[in-house]
Q: 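Here it is, the structure, as structure tokens.
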Amino acid sequence: MSREETLELALQLFWQRGFEGTSIGELSRAIGVGPSSLYNTFGSKNELFRECLEAYTARELPFVPHALAKDDELEALTALLRSAAARFTREDQPRGCAVLTAPNPDRVENPDVEALLRDLRRQTLSMIDARVRRGVEEGDLAADTDVANLARYVYGVMQALSAQARDGADPDALGAFAELALQVVERARAR
């Protein structure tokens, strides 16, 4: 089995069960190697998780900067939330986002895992914040727009979409939720 295939199998387990909820024994069985081979290859469960998230973010998260690259602010945020709703309910992967719906940091016992997840979440929020700021600077959004809070709102909607997808919401329900959330963004448009 290639390293990429190994990472994909491990990612599926981590995505479904979280870091703490996935044991070395389960990982070993899924990959088809003994725990010592797993440790020899990756060094630790932490390192395996880190590599899984690197592979995941390289594959799954480019939709964020792609959507945010749209010229108009509302088009960018619309593309972002619609893409999230569609991606989080795909049939070919676990539901939700492996980063956004990872276990709550205060329940993660491993500080390295907690720091990694927080950093990935901050990166996404920073991209949204930069796009909202650009929207104000370019006149798409009102000059008095509270950039930080609007960015956190959009990011919070993405987290909610991920959580609802994990709880079984269908693509149509998530799409409708995203459209409702976009009405708040519309109110911030420059008039």
Q: Is the shortest side-chain heavy-atom distance between D129 and R133 below 4.5 Å?
A: yes
Q: Does any part of the side chain of R121, heavy atoms only, come nearer than 4.5 Å to the side chain of Y155, both counted from C-beta?
A: yes
Q: Are V99 and T124 close enough, and set up right, to give a side-chain contact (heavy atoms from CB on, under 4.5 Å), and what steps lead you there?
A: CA-CA 10 Å; V99 174; T124 301; over 6 Å; no
Q: Would one find more than 12 heavy atoms of other residues, nucleotides or ligands at under 6.0 Å from atom CZ of R152?
A: no
Q: Provide the closest heavy-atom pair for E179 versus R82 in the form atom of the first, atom of the second, distance.
A: OE2-NE, 2.6 Å
Q: Using side-chain hydrogen bond (donor to acceptor under 3.5 Å, both in side chains) as the criterion, list what pairs up with R134, not counting sequence neighbours.
A: E138
Q: Is any side-chain heavy atom of L53 less than 4.5 Å from a side-chain heavy atom of L117?
A: yes
Q: Look at atom CG of N40 and say whether more than 12 heavy atoms of other residues, nucleotides or ligands are closer to it than 6.0 Å.
A: yes
Q: Has S126 got a side-chain atom pairing as donor or acceptor with R122's backbone, closer than 3.5 angstrom?
A: yes
Q: If the plane angle is over 60° it's perpendicular, under 30° parallel, otherwise tilted; pick one for F49 and F14.
A: perpendicular
Q: Hey, does T41 have a side-chain heavy atom less than 4.5 Å from the side chain of V33?
A: no
Q: Is R189 salt-bridged to D72, going by a charged N under 4.0 Å from an acidic O?
A: yes
Q: Is there a side-chain contact between F42 and T6 (heavy atoms, below 4.5 Å)?
A: yes
Q: Looking at D71 and R131, what are the two nearest heavy atoms and their distance?
A: O-NH2, 3.0 Å
Q: Mind checking whether V157 and F177 have side chains closer than 4.5 Å, heavy atoms only?
A: yes
Q: Just one of L100, L61, T57, L125 clears the side-chain contact (heavy atoms from CB on, under 4.5 Å) bar with L120, so which one?
A: T57
Q: Please tell me if the side chains of L80 and L68 come closer than 4.5 Å, counting only heavy atoms from C-beta onward.
A: yes
Q: Do you know the tightest heavy-atom contact between A58 and P62?
A: O-CG, 3.3 Å
Q: Between R166 and Q16 (side chain of the first, backbone of the second, donor and acceptor by atom type, cut-off under 3.5 Å), is there such a pair?
A: yes
Q: Answer yes or no: is there a donor N or O on one side and an acceptor on the other, between the side chain of S162 and the main chain of C97, under 3.5 Å?
A: yes
Q: Could you pull out the closest heavy-atom pair between G96 and W15, with the gap in Å?
A: O-CZ2, 3.3 Å
Q: So, using side-chain hydrogen bond (donor to acceptor under 3.5 Å, both in side chains) as the criterion, who are the partners of D140 when residues are at least two apart?
A: none
Q: Between Q12 and E8, do the side chains contain a donor N or O and an acceptor N or O under 3.5 Å apart?
A: yes
Q: Shortest non-hydrogen contact from A188 to T145?
A: O-OG1, 3.7 Å
Q: For F63 and S83, work out which heavy atoms get closest and say how close.
A: CD1-CB, 3.5 Å
Q: Side chains of R59 and L11: does their closest heavy-atom pair fall under 4.5 Å?
A: yes
Q: For the side chain of E5 and the backbone of S2, is there at least one donor-acceptor N/O pair under 3.5 Å apart?
A: yes
